[in-house]
Each structure stands twice: as structure tokens, then as C-alpha cells.
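Encoded as C-alpha cells, the structure appears first; notes follow it.
These values consider heavy atoms only, across backbone and side chains, with no hydrogens, waters or symmetry-generated copies.
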Amino acid sequence: MDPVALTNFADVLCISKPSHIKLSADLKRSLNSSVTANKGGNYHTHVVKLKTRTLSSSQSLCDTQSLSVKENTTPGTEEWVHFIGIGGNGLSALAFYALKKGWHVTGSDITASKKLDDLQKAGAIVYIGHHESQICGKDSCRLPDYVVFSSAVPEDNVELTYARKCGLKTLKRGPWLAQTTYTHDLVAVSGSHGKSTTAAMLSIILREIDPGVSSVVGADIPQFPGGGSIICGSGTTFILEADEYDSCFLSLTPQLSLILNIDWEHVDMFPDKKAVKKHFTEFCRRLKPGGTLIYCGESESAHAVASEFMAQGKIPDDDAIGEVISYGLEDKNMWQAVMIKPNAYGGSDYLATYNGEVMTPVQIQLPGIHNVLNSLAAIAAAVVVASWKNTDDGKLLANIRKHISETAARSLYSFQGVHRRLEFVGKLENCHFYDDYAHHPTEISASLKAAREKFGNSSIWVIFQPQDYSRVSRLSKDFAVALAAADRVIVTQIYAARGKTAGGVSGQDIVDQIMGTSALYIQSMDDVYVFLSAELSTLLSSGQKDTLVVITMGTGSCTNLGPRLLQRFMS
């Protein structure tokens with residue numbers, strides 16, 4: 001389904017309620033045999049008590065031509081959604097949110113993970129591996145209301161194929177998000193980098209103003225309930241990390257859109273940066289009538305997209321656009337961060353100004369100029385949300401702007417960050433271990449600059465696990481330049497994101513182009529563990545007193561390396 005075509009949400013919102021199913025004895029035996037035959041496999045089967053559809057004894061469960069659906073709502077039953085690829089950052093957050101909203105949630109993924117364990121503890125039924133029997137439940141006579149699948153799921157996935165044969169409503173993440181958020185005042189935080197941190201900052205700020213706010217972020221946030229990735233509130237404001245991958249954000253209709261930056265990150269999806277900018281321009285046009293756009297004036301591409309949007313003067317339904325607000329470090333921006341200086345917490349202090357007037361001093365504990373910009377974006381967005389009910393009184397708006405800015409600054413002072421964003425893992429004498437999600441040259445550069453701010457002249461070692469063959473193939477030189485800011489670099493084999501592999505490229509291609517610093521290619525993470533164990537043993541036995549910072553970077557199994565090394569030396 002093309003998310004761009006989902007301007008009319010009737011396809012998503014107006015979906016019939018399921019009715020009762022009656023299966024023929026032969027079909028029951030056939031499906032039960034399938035379930036029994038797979039009990040020894042690596043997935044689970046469960047009885048699910050839900051609403052169902054009715055079939056005559058002569059109909060097949062997957063005979064969509066002869067399927068007769070009757071309108072029926074059974075009192076006391078739950079709506080059921082099945083997620084294919086439930087363990088990923090995107091779908092796992094949506095699964096947690098659906099559970100909080102009272103849905104029955106099932107899902108499958110190809111490998112076990114802590115995320116699946118957490119979902120199961122929260123009440124979801126999860127399966128390791130894919131099988132059609134997982135769509136209909138153990139007694140083979142029930143079907144989900146919706147089947148939602150991630151962009152990583154291939155079209156020939158057995159569960160997806162089966163669901164479509166059964167005539168079930170199958171949706172990608174974008175249309176499902178559209179359905180989830182359509183009746184809310186949606187704040188969509190977009191950009192190639194910094195979405196999770198900015199959305200988390202904004203969520204923490206707005207919870208102080210509106211306890212009923214909801215939020216879905218693509219990373220775990222220590223200050224969210226249970227340290228998870230969602231806040232499920234009862235109010236109308238919904239904060240969402242809006243992703244450009246697979247055109248996901250083009251299904252949304254925000255009341256407020258943020259564009260933090262625009263970069264050529266998903267090289268497997270977009271042929272060049274021009275195509276990425278085109279998608280962001282279309283994203284701007286998804287704003288609701290009178291909606292607001294906030295963009296970073298430091299990003300040349302974001303500025304160009306915002307300028308094009310303003311030049312159009314209209315959004316698709318011919319109503320006037322709302323306010324367009326810029327933020328950044330330069331005087332040209334409406335919101336500006338000035339007098340930036342490092343603080344005692346390893347972060348930054350600055351003054352947030354609006355049209356030259358100081359709104360509030362800000363103190364954040366996160367290092368890096370990129371986090372100054374992220375926090376300024378969160379302040380600007382919080383002011384817009386707080387002003388929605390007071391748009392006619394200019395004096396009142398000015399008072400709200402300053403009051404909300406001050407409230408935001410208090411929340412930002414206590415903001416603890418996001419999981420895997422230069423996150424402290426542990427310490428071994430003078431060796432500090434950190435973990436970071438950076439998987440693009442721009443992100444690596446920003447993280448290493450932040451690390452330099454925090455640790456000064458301390459030696460920094462980076463273990464980088466590249467993600468995605470196409471990204472490495474096209475950006476290997478950029479990766480090399482970014483990684484050269486470290487004192488020592490180890491690059492591993494490529495982590496095949498979304499299951500896609502390609503020959504002729506490896507981590508060695510990055511290492512070969514790194515100039516001015518020590519760089520080594522070690523293929524497997526186990527071999528990296530052995531190598532670093534020996535290196536650290538030598539350093540520790542020598543009595544070295546200088547601080548050493550070891551940072552694992554990437555989206556794959558590299559995140560486990562720091563804890564493994566700590567356990568090795570502390571046991």
C-alpha cells in the first residue's frame with residue numbers, strides 16, 4: 001500500500017467489526033494438525049478468546065471469494081492486532097501502546113530478544129519464527145482484526161501471505177500510526193537524526209503541563225513509565241517520532257510538525273538527497289489546516305524545504321498554512337540558543353531567546369551542540385502546544401511563551417537522556433565504557449564531538465559495527481572521515497539491516513580509508529571481544545592511570561560488547 005495515497009482515511013478507519021467463524025470439521029482437523037506438527041518448533045501457540053467471523057461448513061478459512069462477513073459486536077471482547085516483526089524498535093513501541101489501550105496483542109519475530117520478553121510480561125503473546133497458524137490461534141477458529149507488519153518483513157512472509165488470503169486488514173507501520181493518531185492533536189517529530197531524543201525531551205516537558213499526553217518513541221527512555229518507549233495518556237496531545245523510511249510519515253496528519261535536519265541516511269530507500277528532500281516537502285503538506293511547522297535553520301536542507309512550503313502558501317485543502325517557526329544558533333532564527341558554554345555535568349548551558357528576547361536560561365546534562373539544538377526544538381514545540389487554546393490573545397501568548405519556556409528548562413535540567421545515546425555502561429578502573437546507536441557518518445561525527453567535549457584529551461576507542469550494505473557501499477569514505485576523530489578504531493563485519501545483504505563490500509572498505517588514526521578490521525564481534533580482552537588486560541596490569549573511553553557504536557550486537565568485557569574483568 002502506498003502511504004502517500006492514504007489521504008482518504010476511510011480505507012483505514014472504516015473497517016468492519018469481525019463476527020463469529022464456524023469451521024468445517026475437515027478444516028479444523030487440518031489446521032489443528034498443522035499446529036500439533038509444529039509444537040516442537042521455536043514458536044508458541046495459544047488460545048485467544050476474541051471476536052470472530054462466521055464461515056459456513058463448506059467454506060475455507062482463506063476463501064476470500066466466498067467469505068461472508070456479518071456485522072457483529074460481541075460484548076466484553078477485545079480487538080486483536082497481530083504484529084509481524086514485533087521485536088523491532090518501531091513495532092514493539094506500537095505493540096506496547098496497543099496493550100495499554102486494551103487491545104489483545106500477538107506478534108512474531110525471527111529472533112528472541114529482551115524486547116520480546118518485555119512484551120510477553122506486559123501481556124502480549126509472542127512467537128519466535130513465522131507460521132500461518134500464529135494468525136488464527138491454537139483452536140484455529142479466530143482471526144485478528146488487523147495484521148500490522150514492519151518494513152523489514154518481505155512480501156512473501158508466510159504470515160503476511162496467509163493474512164491476505166484470509167481477507168484480513170493488513171497495514172504497514174505508517175497507516176497503522178495514521179489510524180492510531182488521527183483523532184489526536186499530533187506532534188510529529190521528524191528528521192534524519194535526533195528524533196528520539198527530541199521527542200523524548202518534548203514528552204517529558206509536556207507531561208509537566210498536561211499529564212494526559214501520549215507519546216511513542218523509537219527508543220527506550222529511562223524517564224518513561226517502566227523505562228520504556230511509550231506514554232499512554234488520556235488527553236488529546238500525541239507526540240510521535242515520525243520516520244521517513246518507507247514513506248512512513250506520509251500517512252500522518254500532524255497539527256505540529258518538526259523537521260530537525262535532512263540527510264541522506266536511508267540509501268536503500270532513496271536514490272539521493274534530492275529524493276529525501278522531496279519526501280520532507282510532501283511531509284510538510286500533510287499538516288492539518290492551520291497547523292504549525294518548526295524547522296532547524298542550521299540545516300540547509302530543512303531551511304530549503306520550509307522555504308518551499310511557505311512559498312506554496314497553501315496546503316492541499318486550500319486552507320491557509322499556520323505559523324512556520326525556525327530555531328537554531330544564528331540570529332536569523334526566531335528561536336535562538338545564545339551564550340552556549342559547557343557545564344559541570346558534561347552538558348551545556350545556554351540562553352533560549354525568542355525574536356531576540358530572553359525566554360529562559362537552559363541547562364542540559366547531555367553533551368554536544370546537537371543536543372543544544374534538540375532541546376531548543378523541544379522548547380519551541382512545547383510553547384506551540386501550550387498555546388493551542390489561547391491563540392487569539394497576543395498578550396496572553398507572550399506570557400505563555402515565557403512561562404512554558406521556563407517550565408521546559410526545569411524539565412530539561414533533569415532529562416536523563418535516551419537509551420543507547422552515548423549511554424554510560426560501566427567503569428573498570430580508569431576505563432569507561434559507553435554505548436551509542438550512531439550508524440550514519442553524521443551521527444558518528446556528532447557523538448565523537450560530544451565525547452570530546454565531555455572527556456577532553458582522554459583516549460577514545462571506537463568499536464563500530466556498520467549497518468546496511470548499501471549504506472556502507474555509498475558512504476564508506478564519509479564513515480572513514482567521521483571515525484578518524486577517535487584515537488583508535490575497530491570496524492567489524494556489516495550488520496545486515498532488514499535482512500538485506502550484498503557482496504563486494506565489508507567493514508574493511510571503511511578501514512582502508514581511515515587516515516590519521518589507528519584502525520583495524522576484525523570481522524566478528526567474538527573476535528573483537530577476545531582482542532580487547534587481551535588489550536585491556538595489558539593496560540590494567542601496567543597500572544595505567546590515564547582515562548580511556550571505549551565506545552561501541554552501531555545498531556546490532558555491538559551493544560553487548562561493553563557488558564561482556566565488564567563481566568569478564570569483574571568476575
Side-chain angles (χ1 to χ4, degrees), residues 193 197 222 342-348 364-372 416-466 479-492 507 510-511 514-522 525 528-570:
H193 318 293
T197 299
N343 61 34
Y345 303 101
S348 300
I364 59 173
Q365 300 185 39
L366 306 185
I369 197 68
H370 61 292
N371 281 317
V372 170
Q416 298 171 17
V418 176
H419 179 52
R420 300 210 61 216
R421 271 55 171 187
L422 207 57
E423 182 180 26
F424 179 66
V425 176
K427 180 180 175 183
L428 185 64
E429 296 187 15
N430 292 322
C431 180
H432 301 254
F433 291 88
Y434 282 79
D435 187 39
D436 197 88
Y437 194 69
H439 54 279
H440 183 276
T442 301
E443 296 165 352
I444 293 171
S445 180
S447 291
L448 287 178
K449 285 179 182 177
R452 285 295 179 200
E453 287 182 19
K454 188 175 182 69
F455 301 110
N457 295 323
S458 298
S459 183
I460 296 177
W461 294 5
V462 170
I463 295 86
F464 176 54
Q465 183 181 30
F479 276 119
V481 171
L483 288 166
D487 297 293
R488 192 171 186 182
V489 178
I490 296 174
V491 181
T492 72
I510 297 174
V511 169
I514 294 177
M515 306 292 290
T517 195
S518 172
L520 185 65
Y521 174 64
I522 301 178
M525 202 59 65
V528 173
Y529 169 76
V530 172
F531 177 82
L532 285 179
S533 294
E535 291 286 296
L536 292 174
S537 291
T538 301
L539 285 174
L540 293 172
S541 62
S542 69
Q544 176 179 308
K545 298 188 182 299
D546 293 335
T547 298
L548 170 64
V549 180
V550 179
I551 307 174
T552 49
M553 285 187 174
T555 64
S557 60
C558 62
T559 188
N560 301 319
L561 182 61
R564 286 181 69 189
L565 288 167
L566 287 167
Q567 185 178 25
R568 152 82 169 77
F569 285 97
M570 290 180 172

- Message: Tell me whether Arg421 contacts the main-chain N or O of His419 through its side chain, where contact means a donor paired with an acceptor under 3.5 Å.
- Response: yes

- Does atom CZ of Phe531 have more than 12 heavy-atom neighbours from other groups under 6.0 Å away? yes

- Quick one: closest heavy-atom pair of Val491 and Tyr521, and the distance? O-CD1, 3.1 Å

- Message: When you measure from the side chain of Ser445 to the backbone of Pro441, do you find a donor-acceptor pair of N or O atoms at a distance under 3.5 Å?
- Response: no

- Should the pair Tyr434 and Phe455 be assigned to parallel (<30°), tilted (30 to 60°) or perpendicular (>60°) ring geometry? perpendicular

- Query: Counting only N and O atoms by type, is there a donor-acceptor contact under 3.5 Å from the side chain of Ser447 to the main-chain atoms of Ile444?
  - Reply: no

- Might you work through the side-chain contact (heavy atoms from CB on, under 4.5 Å) test for Val489 and Ile510, ending with a clear yes or no? CA-CA 10 Å; Val489 178; Ile510 297 174; over 6 Å; no

- Item | Separation of Tyr437 OH from Leu422 CG (nearest 0.5 Å) | 16.0 Å

- Task: Identify the two heavy atoms, one from Tyr529 and one from Arg568, that lie closest to each other, and give their separation to 0.1 Å.
- Result: OH-CB, 3.3 Å

- Kindly compute the distance separating CD1 (Ile551) from CH2 (Trp461), expressed to the nearest 0.5 Å. 12.5 Å

- Note on the structure: Rounded to the nearest 0.5 angstrom, the CD1-CD1 distance for Ile522 and Ile463 is 9.0 Å

- Message: How close do Gly368 and Ser348 get, counting heavy atoms only, and between which atoms?
- Response: O-OG, 4.5 Å

- Met515 atom CE, over 12 foreign heavy atoms within 6.0 Å: no

- Query: Between the side chain of Thr559 and the main-chain N/O of Thr555, is any donor-acceptor distance below 3.5 Å?
  - Reply: no

- Which heavy-atom pair separates Ala486 from Val462 by the least distance, and what is that distance? CB-CG2, 3.7 Å

- Task: Kindly indicate whether the side chain of Thr552, heavy atoms from C-beta on, has any atom under 4.5 Å from the side chain of Val425.
- Result: no

- Could you check if a side-chain atom of Leu536 sits within less than 4.5 angstrom of a side-chain atom of Leu548, using non-hydrogen atoms only? yes

- So, the side chain of Asn343 versus the backbone of Gln365: is there a donor-acceptor pair under 3.5 Å, distance only? no

- Message: Less than 4.5 Å apart, side chain to side chain, heavy atoms only: is that true for Thr197 and Leu366?
- Response: yes

- Are side-chain heavy atoms of His193 and His370 found at a separation under 4.5 Å? no

- Item | salt bridge (Lys or Arg N to Asp or Glu O under 4.0 Å) contacts touching residues 429-457 (sequence neighbours left out) | Arg420-Asp435, Arg452-Asp487

- Task: Apply side-chain contact (heavy atoms from CB on, under 4.5 Å) to the pair Ser458 and Asp546, showing each step before the final yes or no.
- Result: CA-CA 7 Å; Ser458 298; Asp546 293 335; over 6 Å; no

- Query: How far does CE of Met525 sit from CD1 of Ile490, to the nearest 0.5 angstrom?
  - Reply: 9.5 Å

- Query: With sequence neighbours left out, which residue pairs that include part of residues 532-543 fulfil the salt bridge (Lys or Arg N to Asp or Glu O under 4.0 Å) condition?
  - Reply: Arg488-Glu535

- Message: What's the separation between atom CG in Leu428 and atom CG in Leu540, rounded to the nearest 0.5 Å?
- Response: 5.0 Å

- How close do Phe569 and Ser537 get, heavy atom to heavy atom, and via which atoms? CE2-OG, 3.3 Å

- Query: Does the side chain of Val549 come within less than 4.5 Å of Ser459's, by heavy atoms?
  - Reply: no

- Task: Hey, could you give me the CD1/CZ distance between Ile514 and Phe464, rounded to the nearest 0.5 Å?
- Result: 9.5 Å

- Message: Could you report the tightest heavy-atom contact between Cys431 and Val550, atom names first, then the distance?
- Response: SG-CG2, 3.8 Å

- Query: Do Thr492 and Cys558 come close enough that some side-chain heavy atom pair is under 4.5 Å?
  - Reply: no

